[in-house]
2 protein chains.
Amino acid sequence: MGQVRNGIDLDTSVGYLLKEASSALRISMEAALRPLGMTITHYSCLELLAQRPGLSNSQLARGAFVTRQSMNVLLQSLERDGLVERVGDEASGRAIPTRLTDRGREQLRTASAAVKTVENRMVEPLAPEDRAALVATLRQCVDALRAPA
Amino acid sequence: MGQVRNGIDLDTSVGYLLKEASSALRISMEAALRPLGMTITHYSCLELLAQRPGLSNSQLARGAFVTRQSMNVLLQSLERDGLVERVGDEASGRAIPTRLTDRGREQLRTASAAVKTVENRMVEPLAPEDRAALVATLRQCVDALRAPA
DNA sequence: GAGCGTATGTCAGAATGCTGACATGGGTCA
DNA sequence: TGACCCATGTCAGCATTCTGACATACGCTC
């Protein structure tokens, strides 16, 4: 190992660790979903629709942390592939409720299993109380960041 | 508020919360750095060089969670603007050590202050022991995700 | 010394996501 | 009712990042 040390002292920064963890999770999820021909946003969209049927394009975008323009492009391809359907019958403003088709539900099943495997590997070494504390603490961080000032 | 409920039940998923927190942090940091004309990767590069002078392009890329091609483009612009200098004098393989210039250090000062404000706002509501536990737990998650299998 | 594997720097093309813009629908308030 | 504001869906252009590829440099093994 005749190369320069690669470790960084930023390991004590919550912000850096957050980005590091998020990056590691993204890489693992991409690796798990690639064999299925799906991206993370693709999977996230299906998962959101399974838990909250009828979400609109903009709501899905917020839930998947992308712009509504990006989600719109994705939804068009998902609809073309018969994974979701958008029924504009209801009077919910301009928003068009979106729902999973049977084919979408089936594709989600395999993807959800792959993603659960990754998440389990991540939280497996954690004690139950540590895991609960992590969830509570992260929520506090999110709320603090989104506070007005 | 005559609109559909936007909350998602995924709040109990560590993976989703991790992405949510990372996204919120990214948005806050972008907002803090935009007035300074800097991006997050731009700032990260300078911060890494301040803590570890002489890091190479590839090492900086790993530290900032981007590809070495992307970091290469950034380094060229930073060098053009006189914020960093790359001296290939040492015999460290093909790697070219990079160092901050005085101008780079000065720009980093203001940026670092802005970023610290954001991070402080994030961890402010946390008890000291919760904050320490968060760091330790996140590190466990990262290590678990990067484990071979 | 030769061969092999790995890491690095760099260039070019492709893919992805974002910003800007516009029209539509709905609610609020004077 | 009309003016205003906000959210939504959607189109087009732009920016940024990534993927693929190649040459170079070092270490290890035979």
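Numbers restart at 1 for each chain; the letters A, B, ... are given by sequence-line order, proteins then strands. Note: hydrogens, waters and symmetry copies are ignored here, and every other heavy atom, side chains too, is used. What you see is a predicted model; the values in this text were computed from it and never measured.
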Reckon [X] has a side-chain N or O less than 4.0 Å from the OP1 or OP2 of [N]?
{"X": "Arg86(B)", "N": "dT10(C)", "value": "yes"}
{"X": "Arg62(A)", "N": "dT8(D)", "value": "yes"}
{"X": "Asn72(A)", "N": "dG9(D)", "value": "no"}
{"X": "Ser70(A)", "N": "dC18(C)", "value": "yes"}
{"X": "Thr67(B)", "N": "dT17(D)", "value": "no"}
{"X": "Asn57(B)", "N": "dG9(C)", "value": "yes"}
{"X": "Arg68(A)", "N": "dG20(C)", "value": "no"}

Quiz item: What nucleotide, of dT8(C), dG9(D), dG17(C), holds the atom closest to the side chain of Ala95(B)?
Solution: dT8(C)
Quiz prompt | Heavy-atom check, side chain of Thr98(B) versus side chain of Leu55(B), under 4.5 Å | solution = no
Quiz item: Would you call Val73(B) and Gln69(B) a side-chain contact if the rule is heavy atoms closer than 4.5 Å?
Solution: no
Touch class at under 4.0 angstrom, heavy-atom based, for [X] against every strand present:
{"X": "Gln76(B)", "result": "sugar-phosphate"}
{"X": "Thr39(B)", "result": "nothing"}
{"X": "Val66(B)", "result": "sugar-phosphate"}

Exercise. Report the end-to-end axis angle of the helix from dG1(C)-dC30(D) to dA30(C)-dT1(D); each axis comes from five terminal pairs, and the value is rounded to 10°.
Key: 40°
Quiz item: Have Thr67(A) and Ser70(A) got a donor and an acceptor in their side chains that come within less than 3.5 Å?
Solution: yes
Quiz item: Are Glu85(A) and Arg103(A) close enough for a salt bridge, meaning some N to O gap below 4.0 Å?
Solution: no
Quiz item: Are Glu20(B) and Arg146(A) within salt-bridge range, i.e. N to O under 4.0 Å?
Solution: yes
Starting from [atom2] on [N], measure out to [atom1] on [X] and report it in whole angstrom.
{"X": "Leu60(B)", "N": "dT8(C)", "atom1": "CG", "atom2": "P", "value": "11 Å"}
{"X": "Ile40(B)", "N": "dT16(D)", "atom1": "CD1", "atom2": "P", "value": "14 Å"}
{"X": "Gln59(A)", "N": "dG9(D)", "atom1": "CD", "atom2": "C1'", "value": "13 Å"}
{"X": "Arg26(B)", "N": "dT16(D)", "atom1": "CZ", "atom2": "P", "value": "15 Å"}
{"X": "Met71(B)", "N": "dC11(C)", "atom1": "CE", "atom2": "C1'", "value": "18 Å"}
{"X": "Glu79(A)", "N": "dT10(D)", "atom1": "CD", "atom2": "P", "value": "9 Å"}
{"X": "Leu75(A)", "N": "dT10(D)", "atom1": "CG", "atom2": "P", "value": "9 Å"}
{"X": "His42(A)", "N": "dT16(C)", "atom1": "NE2", "atom2": "C1'", "value": "16 Å"}

Practice problem: Check whether the side chain of Gln69(B) and the base of dG20(D) form a donor-acceptor pair under 3.5 Å. | Solution: yes
Quiz item: Can a donor-acceptor pair under 3.5 Å be found between the side-chain atoms of Arg94(A) and the base atoms of dA23(C)?
Solution: yes
Exercise. Ignoring hydrogens and angles, tell me if any N or O in the side chain of Asn120(A) forms a donor-acceptor pair with the backbone of Lys116(A) under 3.5 Å.
Key: yes
Quiz item: Taking only residues two or more places apart in sequence or in another chain, which ones pass ring pair (Phe, Tyr, Trp, His ring centres under 6.0 Å) with Tyr43(A)?
Solution: none
Exercise. Considering non-hydrogen atoms only, spot the tightest contact between Leu48(A) and Ala64(A) and give its length.
Key: CD1-N, 3.9 Å
